[in-house]
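None of the values given here were measured: they were computed from a predicted structure. Chain naming here is simple, since letters A, B, ... match the order of the sequence lines and numbering starts at 1 in each. In what follows, every heavy atom counts, from backbone to side chain, and hydrogens, waters and symmetry copies are set aside.
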Amino acid sequence: MQDRYDFKAIETKWQKIWANEQAFKTTEDYDKKKYYVLEMFPYPSGKLHMGHVRNYSIGDVVARFKKMDGYNVIHPMGWDSFGLPAENAAIKNGIHPFTWTNSNINDMHDQLNSLGLSYDWDREVATCKPDYYKWMQWLFIQFYKKGLAYKKDNPVNWCPDCETVLANEQVVDGCCERCKTPVTKKHLSQWYLKITDYADRLLNNIDTLEGWPDKVKTMQKNWIGRSEGAEVKFDIDGTDKTLVVYTTRPDTLYGVTYMVMAPEHPYVLELVEGTEYETPVKAYIEESKRKSEIERTSLTKEKTGEFIGKYTINPVNGKKVPIYISDYVMMDYGTGAIMAVPAHDQRDFDFAKKFGLEIIPVVDVPDVDLDNLTEAAAAEGTMINSGEYNGMNNKDAIKKIIADLESKDLGKKTVNFKLRDWLISRQRYWGTPIPMIHCEECGWVPEKEENLPILLPTDVEFTGKGDSPLTTSKTFRQCTCPKCGKPAEREIDTMDTFLDSSWYFLRYCDAKNEDAIFDPKKVNYWMSVDQYIGGVEHAILHLMYSRFFQMVMHDLGLCDAEEPFKNLLTQGMVTKGYTDKDGNFVVAKMSKSLGNVVAPKEIQDKYGADTARLFILFAAPPEKELEWSDAGVEGSYRFLNRVYRLVYEYITDIRGDLKVPSEITINNADDKSLNMMINVTIKKVGEDAGGRFNFNTAIASIMELVNEMYKYKQNAEMNLALFDKAINCLLIVANPFVPHITEELWEQLGHTDRLYQAAWPTYDESALVKDEVEIIVQINGKLKDKVAMPNNSDKEVIEEAAKNLDKIKGELEGKIVVKTIVVPNKIVNFVVK
RNA sequence: GCCGGAGUGGCGGAAUUGGUAGACGCAGGGGACUUAAAAUCCCCCGGUAGAAAUACUGUACCGGUUCGAGUCCGGUCUCCGGUACCA
């Protein structure tokens with residue numbers, strides 16, 4: 001045999017066989033328990049990176065294990081194939097986005113197969129293909145009919161580089177999530193989905209997601225940002241207007257010393273018109289409009305603002321307080337105006353200090369000197385300076401004040417959310433056309449469902465400038481109104497690609513259905529997804545949009561499940577160390593710009609896919625960061641060679657032409673210990689790979705089994721039947737991690753069936769029981785000695801044996817044993833004085 | 001600031017219910033085989049003292065609960081992730 005196993009030949013051989021045998025094709029078997037393993041589908045950039053390899057290796061272990069464990073496993077893959085890069089390639093190289101995307105899909109398909117991933121390719125979907133986006137359009141129309149899609153003229157986030165609008169969630173630190181360009185505001189008429197209608201449900205259901213990491217749940221909760229408070233009406237002195245504010249601290253109403261409106265507040269211009277304040281106020285509004293999102297929200301920013309010359313009357317005590325405008329108040333949260341309580345809110349405090357405004361404490365917070373405040377006192381306390389509420393705990397006062405305001409029609413209890421409606425229009429070509437038609441007479445009308453899909457036109461120009469490329473089509477825009485039949489115009493914007501990825505997991509359940517989005521029977525069998533695996537960067541965007549879609553589809557009667565993903569595993573980043581420009585060694589996420597990228601192909605060529613998978617799964621638990629180590633890869637390769645040699649030597653040298661006895665007898669201590677090791681490994685790997693998802697420790701225990709087998713082979717009297725069992729078990733338990741080499745060796749052993757069809761072995765509980773156990777002997781909790789005792793010895797017997805150990809005898813000499821703790825099969829602890 | 005999470009050998013990491021801290025691997029050291037190298041196989045590998053047996057010490061820091069704490073509780077520090085004029 002060769003020194004090193006020929007991974008290239010073995011891996012291509014088995015990939016071909018699996019494909020020919022349709023090894024991982026799944027059909028609905030309604031009597032069988034199902035398991036849905038899903039990995040986030042990739043954007044077909046053309047090249048797989050290590051993050052993909054990690055994501056899909058994890059998913060593949062779960063899928064292969066669950067299949068062996070007797071589940072009807074669905075493990076699909078597809079392509080999130082609409083999006084900007086294809087369009088940019090078209091602008092740059094003159095290739096049509098479809099051609100570019102399609103060729104990338106083919107490349108990536110091959111790369112995925114070269115990793116030996118167990119996908120059912122019959123369920124493949126690509127969001128850019130008409131058979132998929134037809135149903136996307138159909139779905140949009142259902143949203144529209146349900147009143148969940150609407151068009152609104154509004155200031156929107158605009159990315160000048162991508163030349164398109166962005167949803168709130170796609171603005172990160174004031175910049176475009178994709179290209180990092182600072183986002184500006186633009187006034188446009190755009191389509192929105194009413195995700196805010198589902199805010200409470202999206203929030204409340206989070207607590208039912210037991211299999212989700214707390215981190216992700218908290219991020220979603222914060223993003224939804226529910227707060228309870230009150231709206232309070234303040235009459236504006238000398239006008240017939242009422243300024244409504246939102247506050248979470250109605251208990252501080254007596255501490256209001258001024259009011260602030262957002263510069264965009266619709267009242268502002270009216271209130272200053274014709275007064276001496278008009279000019280400075282208008283200048284301030286202009287200035288704040290000019291500022292970018294980053295400037296407006298920057299941390300170090302000093303408070304700015306402008307008095308507008310008007311006052312409000314405090315409804316609780318009739319006090320007159322001045323009104324300011326300032327950009328620290330946002331128009332799109334609450335009512336766009338606030339009551340300012342500088343004593344108890346830090347932002348108001350800063351503003352009051354700068355503008356010399358009055359500060360009145362109204363809650364006596366323990367350990368705070370209210371007469372010399374250096375910062376706002378936001379904590380709980382007792383009401384003061386607040387008339388009839390004095391002496392109450394401020395938490396109780398909140399309820400009382402709200403009730404009193406409501407009874408006098410001066411305010412009401414209100415719930416507010418940070419979550420905004422989802423802006424889904426994009427001024428781009430490579431996305432699903434929004435199936436809406438504008439008619440002069442009928443307004444916006446959805447396309448007739450029998451006319452779907454509305455295909456993307458092919459006669460467009462990609463200039464990268466101006467409006468959506470769809471405007472350049474001669475045929476696309478003109479149409480007739482589905483309602484009245486008169487000439488009308490189609491919507492030329494396309495959908496945010498996050499819509500496409502919000503329901504792909506449902507389409508996998510019935511990917512080829514031409515008559516419906518899917519068969520509910522199939523979807524109800526497969527859904528929810530039992531295990532979803534992907535990067536934590538989707539914690540808010542994709543995962544919340546998908547939950548929203550699932551709820552809507554549930555409400556539309558399309559499927560039973562209300563939550564799409566039962567369990568979620570967010571895998572950590574793949575990092576690698578490099579030397580930065582200052583000569584420091586740093587570890588960072590693999591990225592082209594840092595030059596610390598390792599291409600999967602490089603590793604596969606040198607060591608094979610099994611080694612790549614093994615290393616990635618072994619080097620760290622899945623949710624943690626994984627630091628790439630070339631030496632570690634080498635080690636994984638070494639291990640696979642060790643396995644290969646072990647099995648090969650067994651076949652040629654040990655078994656040879658001998659017939660393996662069908663009965664296994666345990667003849668001696670070596671046999672007993674090897675047999676125990678076999679059973680321990682089956683148990684441990686099953687628990688770690690199928691339940692805890694700690695693949696690193698699962699692999700460690702497989703390595704231990706291999707070490708044990710080498711020792712046995714060398715030192716023990718060979719028990720052929722037992723060793724044969726060990727060899728077979730080893731291949732089965734290692735198969736989910738390293739499918740090619742194990743499948744090959746399985747065949748070499750002479751099996752005529754396939755390993756991918758094998759059942760997970762059951763372990764023998766009785767084989768796990770040791771005859772003799774090692775008991776730890778402690779004095780005052782410190783380890784002093786160990787003693788071997790028969791399994792399940794009585795407490796008294798153990799204590800006696802421990803006492804009689806020479807070392808313990810000596811230690812106990814002249815001391816009084818105050819107490820003795822005996823934990824059977826584990827420990828004896830003498831407490832002495 | 002707020003909300004999460006984490007701090008264990010030279011390194012990645014184990015220790016699942018409070019019961020031998022450091023499994024497994026990497027790196028390192030020593031040995032066997034070889035003309036030699038590679039590969040392979042075996043042994044050692046937290047710290048201090050010691051030739052060794054062994055003793056003491058050790059899971060970021062301080063304190064607590066407990067017969068017993070990496071694990072539980074209180075406080076402190078550091079790092080990572082998320083988020084932020086959200087009223």
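- Side chain of A:D794 to backbone of A:E796: no donor-acceptor contact under 3.5 angstrom is found.
- Looking at heavy-atom distances under 4.0 Å, A:K784 makes contact with sugar-phosphate atoms alone, never a base.
- Here CG of A:L768 is found 13.0 Å from NZ of A:K684. Values are rounded to the nearest 0.5 Å.
- Side-chain contact between A:Y333 and A:Y246 is present, with at least one heavy-atom pair separated by less than 4.5 Å.
- In this entry the distance linking CD of A:E625 with C1' of B:C80 reads 8 Å, nearest Å.
- Going from atom CZ of A:F695 over to atom P of B:G13 covers 16 Å, rounded to whole Å.
- Comparing the C1' positions of B:G81 and B:G10 gives an interatomic distance of 27 Å, to the nearest angstrom.
- Using P as the reference atom, B:G4 and B:G22 are 34 Å apart when rounded to the nearest Å.
- The interatomic distance linking A:K624 (NZ) with B:C11 (P) rounds to 13 Å, in whole Å.
- Whole-Å rounding puts the A:M544 CE to B:G82 P distance at 16 Å.
- Of all nucleotides listed (B:G82, B:A14, B:A87), B:G82 comes nearest to the side chain of A:M219.
- Classified by its glycosidic torsion, B:G81 falls in the anti category, the angle being over 90° from 0.
- Between A:K803 and A:E799 there is a salt bridge, since at least one side-chain N of the basic residue sits less than 4.0 Å from a carboxylate O of the acidic one.
- Distance check on atom C1': B:G12 versus B:U17 gives 27 Å, rounded to whole Å.
- Rounded to an integer number of Å, the gap from A:I224 CD1 to B:C3 C1' is 15 Å.
- Side chain of A:R642 to main chain of A:Y710: no donor-acceptor pair is present (N/O by atom type, distance under 3.5 Å, no hydrogens or angles).
- Comment: A:K221 does not engage A:D214 in a salt bridge, judged by the lack of any side-chain N to carboxylate O separation of less than 4.0 angstrom.
- When each of A:W628, A:F737, A:F639 is checked for a ring-ring contact (aromatic ring centres under 6.0 Å, His included) with A:F615, only A:W628 meets the rule.
- Rounded to a whole angstrom, the distance from the P atom of B:A69 to that of B:G19 is 11 Å.
- Residue contacts shown for A:K807 are limited to sugar-phosphate atoms, with no base heavy atom under 4.0 Å away.
- Between B:U16, B:C42, B:A87, one nucleotide has an atom nearer to the side chain of A:Q714 than all others, and that is B:C42.
- Below 30°, between 30° and 60°, or above 60°: for A:F7 and A:Y5 the angle between ring planes is above 60°, a perpendicular geometry.
- Rounded to an integer number of Å, the gap from CG of A:L617 to P of B:A14 is 14 Å.
- The separation of B:A15 from B:U71, taken at their C1' atoms, amounts to 9 Å, rounded to a whole angstrom.
- Comparing B:G9 with B:A60, their P atoms sit 8 Å apart, to the nearest whole Å.
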**Asked** How does RNA chain B look in dot-bracket form if you count Watson-Crick and G-U pairs under 3.5 Å, write [ ] for pairs that cross, and put | where a base pairs with another strand?
**Response** (((((((..(((......[....))).(((((.......))))).((((....))))..(((((..]....))))))))))))....
At a cut-off of 3.5 Å, list every protein nitrogen or oxygen paired with a nitrogen or oxygen from nucleotides 20-26 of chain B, distance to 0.1 Å.
residue: B:U20; atom: O2; partner: A:K786; partner atom: NZ; Å: 3.0
residue: B:U20; atom: N3; partner: A:E774; partner atom: OE1; Å: 3.4
residue: B:U20; atom: O4; partner: A:E774; partner atom: OE1; Å: 3.3
residue: B:A23; atom: O2'; partner: A:E704; partner atom: OE1; Å: 3.4
residue: B:A23; atom: O2'; partner: A:E704; partner atom: OE2; Å: 3.3
residue: B:G25; atom: OP1; partner: A:N707; partner atom: ND2; Å: 3.3
residue: B:C26; atom: OP1; partner: A:R638; partner atom: NH1; Å: 3.1

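- B:G70 and B:G25 have their P atoms separated by 26 Å, given to the nearest Å.
- One finds a side-chain N or O of A:K819 lying less than 4.0 angstrom from the OP1 or OP2 phosphate oxygen of B:C67.
- Residue A:Y246 places no side-chain N or O under 4.0 Å from the OP1 or OP2 atom of B:A87.
- Between A:K413 and A:E228 there is a salt bridge, with a side-chain nitrogen of the basic residue lying less than 4.0 Å from a carboxylate oxygen of the acidic one.
- The separation of B:A87 from B:C79, taken at their C1' atoms, amounts to 32 Å, rounded to a whole angstrom.
- Atom CZ in A:R347 sits roughly 10 Å away from atom C1' in B:A84 (whole-Å rounding).
- No contact: A:P213 has no heavy atom under 4.0 Å from any strand.
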**Request:** Please assess A:F351 against A:Y258 for the test ring-ring contact (aromatic ring centres under 6.0 Å, His included), listing each intermediate value before the final yes or no.
**Result:** CA-CA 10 Å; A:F351 191 90; A:Y258 65 101; 5.3 Å; yes
Would you be so kind as to tabulate the donor-acceptor pairs closer than 3.5 Å made by side chains of residues 780-787 of chain A, with sequence neighbours excluded?
residue: A:N780; atom: OD1; partner: A:V832; partner atom: N; Å: 2.9

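- Counting heavy atoms from C-beta on, the side chains of A:F695 and A:I616 never come closer than 4.5 Å.
- Annotation: of the two residues near RNA chain B, A:D350 and A:T218, the 5′-most nearest-nucleotide partner is A:T218.
- OP1 or OP2 of B:G58 has not a single side-chain nitrogen or oxygen of A:K782 nearer than 4.0 Å.
- Here B:C85 presents its C1' atom at 9 Å from CD1 of A:I338, a figure rounded to the nearest Å.
- At the heavy-atom level, A:K215 lies under 4.0 Å from the strands shown only through sugar-phosphate atoms.
- The base of B:C3 is not paired with the side chain of A:K221 by any donor and acceptor separated by under 3.5 Å.
- Side chain of A:N829, nearest nucleotide from B:A14, B:G68, B:C85: B:G68.
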